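Working notes for the structure below.
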Amino acid sequence: MHAFDILGDPVRRRILELLADGESTAGEVTEVVRAEFGISQPAVSQHLRVLREAGFAVVRPEGTRRFYAVRPEALHEVDEWLTPFRRFWEPRLAALDTEIARGRRARRQETS
């Protein structure tokens, strides 16, 4: 399955967002996803399985708990696909970085 087939689902994208903050238990992920999407625990488990089988997530069993984490290598395909499009936002981000630095410098000069 192609990376964008996996990431095309909003529930799976949200799960990856949650896991990007660090390892989480299946229960923690399920609690958030159920509240936000109104889907059942078995449906969340199915999404976790798809992410795991596609290589986007890894699971670490600890007793009866399952800890999930992002597998960043799987996002490499997405990163490569985005490469030709970076030219659309990178100059704007660089300009924003410059403006932020100017603002910080100005604040330091005002307080000195």
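Throughout, residue positions are numbered sequentially from 1 according to the sequence presented. Here the structure is a predicted model, which means the values were calculated and not measured.
In this structure, CZ in F67 is found 7.0 Å from CD in E28, a value given to the nearest 0.5 Å. Expressed to the nearest 0.5 Å, how far CZ of R71 lies from CG of L19 amounts to 14.0 Å. Within the model, atoms CG of D9 and CG of L16 stand 10.5 Å from one another, a figure rounded to the nearest 0.5 Å. Interatomic distance, OG1 of T25 versus CD of E31, reported as 8.5 Å (0.5 Å rounding). The NE2 atom of H2 sits 9.5 Å away from atom CG of L7, with the distance rounded to the nearest 0.5 Å. Interatomic distance, CD of Q46 versus CZ of R12, reported as 8.5 Å (0.5 Å rounding).
Not a single donor-acceptor pair under 3.5 Å links the side chain of R52 to the backbone N or O of A57. For R60 (side chain) and R66 (main-chain N/O), no donor-acceptor pair under 3.5 Å exists by modelled atom type.
A heavy-atom distance below 4.5 Å is found between the side chains of E36 and V32.
Residue I100 is not grouped with residue L93 when hydrophobic side chains (ILVMFWY) are merged at heavy-atom distances under 4.5 angstrom, including chains of intermediate members. L96 and F85 fall into different hydrophobic clusters, where Ile, Leu, Val, Met, Phe, Trp and Tyr residues are linked whenever their side-chain heavy atoms come under 4.5 Å apart, directly or through other members. Following chains of ILVMFWY side-chain contacts shorter than 4.5 Å, one cannot reach I15 starting from V58, and the two form parts of different hydrophobic clusters.
The minimum heavy-atom distance linking G55 with A74 is given by the pair O-CB, 3.1 Å. Considering all non-hydrogen atoms of both residues, V78 and A3 come closest at CG2-CB, 3.7 Å. Nearest heavy atom pair, residue P84 against residue R87, reads O-NE, 3.3 Å.
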Please lay out, stage by stage, how V33 and L18 fare under the test side-chain contact (heavy atoms from CB on, under 4.5 Å). CA-CA 9 Å; V33 172; L18 294 170; 4.1 Å; yes

L48 and V44: side-chain contact (heavy atoms from CB on, under 4.5 Å), yes or no, with the steps? CA-CA 6 Å; L48 284 167; V44 176; 4.3 Å; yes

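Salt bridge R14/E17: present, at least one basic N to carboxylate O contact under 4.0 Å.
Heavy-atom contacts from other residues, nucleotides or ligands closer than 6.0 Å to CD of Q41 number more than 12.
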